[in-house]
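We count residues from 1, following the sequence as given.
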Amino acid sequence: MVTLDTLRLILRPWQNKDYAPFAQINADPRVMEYFPDCLSTEESYTMATRIQDSFVCDGWGFWAVERKEDARFIGFVGLRAQPSSLPFSPCVEIGWRLASDTWGHGYATEAAHRCLHFGFEDLNLTEIVSFTASSNLRSQRVMQRLGMHRDVEGDFLHPLLPPEHSLAPHVLYRLNFREYLENLVCPNKSG
């Protein structure tokens, strides 16, 4: 199973010791602001097990993110093949969820850049997408820093939420391989 490295972070397969801090992250109302509810400990453990299983099947997925300076598990960043229920599937999504006390240090962007490199250079993907609730401007800024562009025509109502739910409207961002290469040559172009 693949482990990735950045200047400040280790992106690694999940370990059992990650479950309890992950449950704390998923119980934080700030972290879960753009999801329907916080997760119970049981729901969080089930999610972590599914993520671990994806590593067994694929060798990659939503990596556990560990800070090098203190070996602290701070959440996940990674890639995931999306189910066909989404209007733009099949696709591979890049996503993240980090502890709120670690926000504002560039960890999501740093780890996601490394995941994009892995997706395009090692998995030979032609495109990677990201999406979030239309009101989640913080995640959209990360997408923009990654050089992704919003596909306004791809915006959608999330199929797991009732259409009238305030979080149902979602925005779609895309990055293809050509754009990824252009961002490597001119990194300031993406903001």
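- F76 is not connected to I10 by any chain of hydrophobic side-chain contacts under 4.5 Å among Ile, Leu, Val, Met, Phe, Trp and Tyr, and they are in different clusters.
- Here Y45 is tied into one hydrophobic group with Y19, each link being a pair of ILVMFWY side chains closer than 4.5 Å.
- Between the CZ atom of R80 and the CD1 atom of I94 there is a distance of 12.5 Å, given to the nearest 0.5 Å.
- Using a 4.5 Å cut-off between side-chain heavy atoms of Ile, Leu, Val, Met, Phe, Trp and Tyr, L167 falls into a hydrophobic cluster with Y34, L161.
- In this structure N124 satisfies the side-chain hydrogen bond (donor to acceptor under 3.5 Å, both in side chains) test with no other residue, sequence neighbours excluded.
- Every side chain to side chain contact (heavy atoms under 4.5 Å, CB included) that S100 has, sequence neighbours left out, goes to D28, R30, V31, W103.
- The shortest non-hydrogen separation linking G119 to I128 is CA-CD1, 4.2 Å.
- If you check the side chains of T6 and E110, you find a donor sitting under 3.5 Å from an acceptor.
- By the 4.5 Å side-chain criterion applied to Ile, Leu, Val, Met, Phe, Trp and Tyr, V129 is assigned to a cluster that also includes L86, F88, F131, F156, L172.
- Summarising the hydrophobic clusters (Ile, Leu, Val, Met, Phe, Trp, Tyr; side-chain heavy atoms under 4.5 Å, direct or chained), the residues clustered with L157 are none.
- W96 pairs by the ring-ring contact (aromatic ring centres under 6.0 Å, His included) definition with nothing, not counting sequence neighbours.
- Listed by chain and number, the residues in a side-chain hydrogen bond (donor to acceptor under 3.5 Å, both in side chains) with D18 are R12 (sequence neighbours excluded).
- By the side-chain hydrogen bond (donor to acceptor under 3.5 Å, both in side chains) test, R150 is found to be paired with D155, residues two or more places apart in sequence or in another chain being considered.
- Not counting sequence neighbours, Q24 has no partner by the side-chain hydrogen bond (donor to acceptor under 3.5 Å, both in side chains) test.
- Rounding to the nearest 0.5 Å gives a distance of 8.0 Å between CE of M148 and CD of E127.
- Evaluation of the ring-ring contact (aromatic ring centres under 6.0 Å, His included) rule for F55 yields W63 as partners, not counting sequence neighbours.
- H105 is linked by a ring-ring contact (aromatic ring centres under 6.0 Å, His included) to Y107, counting only residues two or more places apart in sequence or in another chain.
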